[in-house]
Amino acid sequence: MERYSWNWAILVTEPYVYWILSGIVWTILVALAGWVIALALGSVVGVARTLRQPVVRAIVGAYVETFRNVPLLVQIFLWYFVLPELLPAAAGQWLKRDLPHAEFWTAVVSLGTYTACRIGEQVRAGIEAIAKGQTHAGLATGLTLPQVYRHILVPVGFRMTVPALTSEFINIFKNSALALTIGVLELTSRTRQVAEYTYQAIELFTAATVVYALITLIVTFAMRVVERRARLPGMIQSARTGP
Amino acid sequence: MRKYFCIVAGALLAVALAGPAAAQEHYGTLKKIKEGGTVGIGHNEDSPPFSFIGKDGKPQGYTMDLCLKIVDGIKAELKMDKLEVRYVPLIATTRIPLLLNGTVDMVCGTTTNNLTRQRQVDFLATTFITGNRILTKKGSGIKDVEDLKGKRVTVNQGTSNEKIIKELDAKLKLGIRFLDTKDQPQGWLALETGRSDAHVTDEVVAFGLISKSKNPEQYEVVGRLFSYDPYSIVVRRDDSAFRLVGNKVLADLFRSGNINAIYDKWLSQINMPMTDMLKIVFQAQALPE
């Protein structure tokens with residue numbers, strides 16, 4: 001690399017600095033919006049996986065296996081290019097032409113549904129980790145099964161899955177880079193763009209690495225606070241991270 | 001005195017003899033190729049007819065043929081019997097790092113030579129000239145840049161096409177709704193499925209995309225050329241000895257007219273005859289021996 005002409009000033013040169021900043025904003029928007037879907041849908045899926053109804057179990061089981069086993073990149077392509085062709089013409093046309101920021105929403109839905117199946121598995125594991133006795137005790141005290149879920153299984157199960165959720169939260173930020181394949185100008189695509197314009201690829205990718213690391217460190221730190229607040233005395237998790 | 005004179009004369013003679021010998025010593029890329037016995041060629045995978053993977057799975061194309069001619073030139077220059085060619089597929093982001101770190105010695109694709117890029121790399125003689133034009137479906141009503149007002153337009157991320165059309169959009173206040181696609185296949189897919197009204201890319205690439213499509217008669221390339229994009233083979237900077245070998249091979253091809261056969265072999269595939277401008281540029285670059 002002795003012939004590489006370094007130019008770190010490129011990172012603060014107009015207009016490139018604004019492109020990179022806007023890339024950071026889009027990365028955060030895609031990841032956070034995807035996370036809202038992932039958390040909501042994931043919780044429902046996780047609970048449904050523990051239910052006894054075979055039909056429900058089959059449906060959510062199929063969902064988890066499909067979304068977990070197909071590469072995210074392929075899923076994004078299917079949502080973006082294939083789905084509008086399968087829908088009735090008017091709906092497909094709306095998705096392709098009239099929906100504002102179609103590529104953004106497609107990325108959010110792809111990331112959300114993909115991450116949701118992973119979160120669903122963790123929520124299920126959290127609920128299944130609770131001793132069966134608690135369900136029985138709840139039912140014995142006169143609670144209905146929905147009440148047992150609402151007051152015992154879900155609150156406790158969720159608090160046990162917080163450490164696993166931290167990883168998923170970090171992953172969704174990193175996976176959001178795939179949104180560039182359908183035209184979301186997030187951090188990685190902006191980095192590539194400026195690298196192509198200026199040929200200063202090393203400086204730019206170094207900067208992008210640092211930004212991703214900072215974002216995920218902030219997420220880790222924030223989730224630690226959540227973990228500490230949500231800790232259950234006497235549970236495995238509190239024994240591990242307890243004082 | 002006479003003895004000293006002899007010594008000085010002898011020393012001078014030695015220096016005079018050593019001088020040309022030292023000049024024969026290779027440096028930079030030539031030295032690397034001589035010592036390693038291999039030359040690395042970086043190519044594209046999806047830029048027909050310039051640089052692409054053919055049906056036989058091998059990299060080929062117009063620029064690739066020119067690079068192979070240069071490989072022959074290197075072999076002659078270094079007086080090597082055997083020179084192994086290593087093919088390395090490149091994408092936009094790996095192109096420059098892999099050239100600079102020595103994985104490849106030449107980038108043989110569709111790279112536009114511009115002055116910003118020359119801060120980082122060097123370019124050989126111009127091998128093709130194209131510019132931005134608009135690829136659209138027939139009957140779209142789009143005839144030139146001005147007709148893109150308020151339309152949905154795809155352009156590939158990080159290309160010189162993107163830079164130019166976005167500057168034009170701002171200057172002419174067209175309010176184009178851009179979709180920044182990742183690469184040519186996706187830009188094409190967006191146009192084909194009606195997600196966009198037009199795709200802005202190099203004229204020659206547009207013709208290539210049409211010739212590969214299922215219904216070539218449904219598409220057309222419209223409007224004026226709104227940029228000047230000279231394609232060149234990319235080499236490392238500050239290596240004029242290596243650049244000279246490459247440019248000599250190219251000048252020979254331009255001077256002898258052998259370039260025409262190579263041009264026709266590949267560019268006829270997309271019905272792209274040699275423009276008058278390119279003919280003049282080839283003539284201008286046909287430097288005498």
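Numbers restart at 1 for each chain; the letters A, B, ... are given by sequence-line order, proteins then strands. Values below: all heavy atoms of this structure, side chains included; hydrogens, waters and symmetry mates excluded.
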Under 4.5 Å from any heavy atom of chain A - which part of B:S196:
backbone

In Å and rounded to the nearest 0.5 Å, what is the OG1 to OH distance from B:T159 to A:Y197?
6.0 Å

Trace of the salt bridge (Lys or Arg N to Asp or Glu O under 4.0 Å) decision for A:D98 with B:R152
CA-CA 10 Å; A:D98 300 328; B:R152 192 90 163 125; over 6 Å; no

Most contact-rich option vs chain A, by heavy-atom pairs under 4.5 angstrom, among B:K182, B:Q157, B:R117, is B:R117

Under 4.5 Å between any side-chain heavy atoms of B:D197 and A:R97, yes or no?
yes

Counting only non-hydrogen atoms closer than 4.5 Å, does A:A195 touch chain B with its backbone (N, CA, C, O), its side chain (CB onward), both, or neither?
neither

Among the listed options A:F77, A:F81, A:Y80, the residue most often paired with chain B at heavy-atom distances under 4.5 Å
A:Y80

Between A:Y199 and B:R95, is there a side-chain donor-acceptor contact under 3.5 Å, judged purely by atom types and distance?
yes

Would you find a donor on one side and an acceptor on the other, under 3.5 Å apart, between the side chain of A:E103 and the backbone of B:L179?
no

Of the backbone (N, CA, C, O) and the side chain (C-beta and beyond), which part of A:L185 lies under 4.5 Å from a heavy atom of chain B, both, or neither?
side chain

Count the heavy atoms of every other residue, nucleotide or ligand shown that sit under 6.0 Å from CZ of A:R224, and state whether that count exceeds 12.
no

Tell me, for B:T154 versus chain A, whether the close heavy atoms (under 4.5 Å) come from the side chain, the backbone, both or neither.
neither

Nearest 0.5 Å please: distance from the CG atom of B:D180 over to the CZ atom of A:R190.
7.0 Å

From the list B:T181, B:D238, B:T193, B:D239, the residue making the most non-hydrogen contacts under 4.5 Å with chain A is B:T193

What parts of residues 161-175 of chain B touch chain A if we use heavy atoms and a cut-off under 4.5 Å?
B:E162, B:K163, B:K166

So with a 6.0 Å cut-off around NZ of B:K248, is the heavy-atom count from everything else above 12?
no

Taken to the nearest 0.5 Å, the spacing of B:R195 CZ from A:Q93 CD works out to 10.0 Å

Pairs of donor and acceptor atoms involving the side chains of residues 17-31 of chain A, under 3.5 Å and at least two apart or interchain, shall be tabulated with distances.
{"residue": "A:S22", "atom": "OG", "partner": "A:W19", "partner atom": "O", "Å": "3.4"}
{"residue": "A:T27", "atom": "OG1", "partner": "A:G23", "partner atom": "O", "Å": "3.2"}
{"residue": "A:T27", "atom": "OG1", "partner": "A:L187", "partner atom": "N", "Å": "2.9"}

Heavy-atom cut-off 4.5 Å, strictly under: side chain, backbone, both or neither for A:L204 against chain B?
neither

Given the options B:Q186, B:R237, B:R119, which has more heavy-atom pairs under 4.5 Å with chain A than any of the others?
B:Q186

Which atoms of B:T112 come close to chain A, meaning under 4.5 Å heavy atom to heavy atom: side chain ones, backbone ones, both, or neither?
neither

What is the distance from atom OH of A:Y4 to atom CG of B:N101, rounded to the nearest 0.5 Å?
11.5 Å

